[in-house]
Amino acid sequence: MGTKSLSHQGWITGILMILPYTIFFALFSLFPILYGLRISFYDWSLLGDKVFVGFENYTNLIQDEEFRSNLLHTIVFTLISVPLVSGIGLLLAILVHSIRRGQSFFRISVFMPYVLSVSVISSIWVIFLQPYTGLFNQILRGLGLIHEEIFWLSEPTLAWAAIIMSTVWWTVGFVFILFLAGLQDIPASFYEAGQIEGANRWQTFWYITLPSLSRITILVIVLQTIASFKIFGQSKLITGGGPAGATKTVVFSIYENGFQTFQMGYASAIAFVLMLVILVISLVQTFVLRRLES
């Protein structure tokens, strides 16, 4: 059998191997994205006729004060939650990595909340944050930190604090596992060389551990930024978007316009604006972090 025939068979085999994924990707990802983009240029109330309006949905979006407010909420949440989740995940990974006995128990304990659904997490935190019977207030009262009940879900700042705390508790396990895997890949010889040079713990962390985790850090920050911009479940299930819309996010706007008022074109326009914002921020983050890495 000739070389050309073997090469031809290799091409056929390769195409057949990627064909199932390509078909599913086209049907369940690419086609919905393109169809959603098409809908964003129409005024469509789902049950009525579609009327082509061009870029009207996008121009209305720019003038929509509620959307701008929800976008600001999302950005502030991202700026606070991403450093918290990344920093706590790294700290927990370093602590667990330094433990010699019972490490498996701590790994499971930290990672366990991540396997739960957002509805379960939200229900747990709603119970925790009840003003008179909630565990959170009882702990603070027992420590003498508060003398009056804190109504966590009634004040905008406290409501966001509740959402951020629940998000950190829920998602830190994923970041923890990534950093822990990175720590296990750092050669022991790096730390031995640091000890020979007389490096203390802070110098070891700053000059050996952190640079060795640079690629994982980039991955964590980008993934957490994308996830934070897509926040919806915690806002919907813990606070219902309240009080007075103070915890509504961009995805909350998509939900309200698409599934409550049935403005499908407008909801699609919001979705594509969100996608572009996430894309731009992710590219900028990757570029900046890689420049810092080099």
Side-chain angles (χ1 to χ4, degrees), residues 75-118 120-122 124-125 128 139 161-231 233-234 278-279 281-294:
I75 292 173
V76 172
F77 169 79
T78 302
L79 291 175
I80 296 174
S81 66
V82 171
L84 278 177
V85 173
S86 303
I88 295 174
L90 176 59
L91 177 62
L92 289 173
I94 293 173
L95 292 175
V96 172
H97 184 64
S98 64
I99 296 174
R100 293 291 175 259
R101 304 180 65 178
Q103 192 176 110
S104 298
F105 169 77
F106 289 105
R107 288 183 188 177
I108 295 172
S109 299
V110 176
F111 186 73
M112 184 63 71
Y114 187 71
V115 305
L116 303 176
S117 67
V118 65
V120 174
I121 294 296
S122 299
I124 291 173
W125 278 86
F128 279 177
I139 292 175
I163 291 174
I164 291 171
M165 287 189 295
S166 64
T167 302
V168 171
W169 184 69
W170 179 31
T171 61
V172 74
F174 174 70
V175 174
F176 160 78
I177 290 296
L178 291 179
F179 277 126
L180 187 61
L183 288 171
Q184 292 173 344
D185 285 338
I186 300 176
S189 58
F190 288 8
Y191 294 105
E192 293 171 359
Q195 289 178 353
I196 293 173
E197 294 295 329
N200 56 35
R201 289 187 177 183
W202 170 250
Q203 291 171 330
T204 300
F205 169 77
W206 188 257
Y207 294 107
I208 297 177
T209 303
L210 204 57
S212 300
L213 295 174
S214 58
R215 294 185 180 275
I216 292 179
T217 303
I218 293 172
L219 175 65
V220 165
I221 292 176
V222 172
L223 289 179
Q224 286 302 123
T225 300
I226 294 172
S228 296
F229 263 94
K230 296 190 297 182
I231 177 179
Q234 303 94 300
I278 292 174
L279 178 62
I281 291 176
S282 299
L283 291 175
V284 170
Q285 278 185 332
T286 303
F287 175 77
V288 171
L289 291 172
R290 285 182 176 174
R291 288 292 298 271
L292 292 175
E293 178 187 2
S294 60

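Everything numeric here is computed off the predicted structure, so don't read it as measured data. Keep in mind that the numbers below use all heavy atoms, side chains included, and drop hydrogens, waters and symmetry copies.
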- Query: Minimum heavy-atom separation for Gly233 to Ser122, with atom names?
  - Reply: O-OG, 4.0 Å
- Item | Pairwise side-chain hydrogen bond (donor to acceptor under 3.5 Å, both in side chains) hits with a residue in residues 173-190, at least two apart | none
- Apply ring pair (Phe, Tyr, Trp, His ring centres under 6.0 Å) to Tyr114 and list each qualifying residue two or more places apart in sequence or on a separate chain. Phe111, Phe174
- Selection residues 165-175 - residue pairs positive for side-chain hydrogen bond (donor to acceptor under 3.5 Å, both in side chains), sequence neighbours left out: Thr167-Gln234
- Query: Quick one: does Arg100's side chain have a donor or acceptor within less than 3.5 Å of a partner on His97's backbone?
  - Reply: yes
- Taking the side chain from Ser86 and the backbone from Pro83, do they hold a donor-acceptor pair closer than 3.5 Å? no
- Message: Measuring from atom CD1 of Ile226 to atom OG1 of Thr78, what distance do you get when rounded to the nearest 0.5 angstrom?
- Response: 11.0 Å
- Check each of Thr217, Val222, Ile216, Leu223 against Val220 using the side chain to side chain contact (heavy atoms under 4.5 Å, CB included) test, and report the only one that passes. Ile216
- Message: Would you compute the distance between atom CG of Leu95 and atom CG of Leu90 and round it to the nearest 0.5 angstrom?
- Response: 9.5 Å
- Task: Not counting sequence neighbours, which residues clear ring pair (Phe, Tyr, Trp, His ring centres under 6.0 Å) with Phe229? List them please.
- Result: none
- CD1 of Ile121 to CH2 of Trp125: how many Å apart, nearest 0.5 Å? 9.0 Å
- For Phe205, all residues meeting ring pair (Phe, Tyr, Trp, His ring centres under 6.0 Å), sequence neighbours excluded: Trp202
- Atom CG in Leu84, atom CE in Met165: separation rounded to 0.5 Å? 11.0 Å
- Query: If you round to the nearest 0.5 Å, how far is CG of Leu183 from CG of Leu213?
  - Reply: 5.0 Å
- Query: So, does Ser282 use its side chain to make a donor-acceptor pair with the main chain of Leu279 at under 3.5 Å?
  - Reply: no
- Note on the structure: side chain to side chain contact (heavy atoms under 4.5 Å, CB included) filter on Ser104, not counting sequence neighbours, yields none
- So do the side chains of Phe179 and Leu91 get within less than 4.5 Å of each other, counting heavy atoms only? no
- Validation row: Val175, Leu92 side chains within 4.5 angstrom (heavy atoms): no
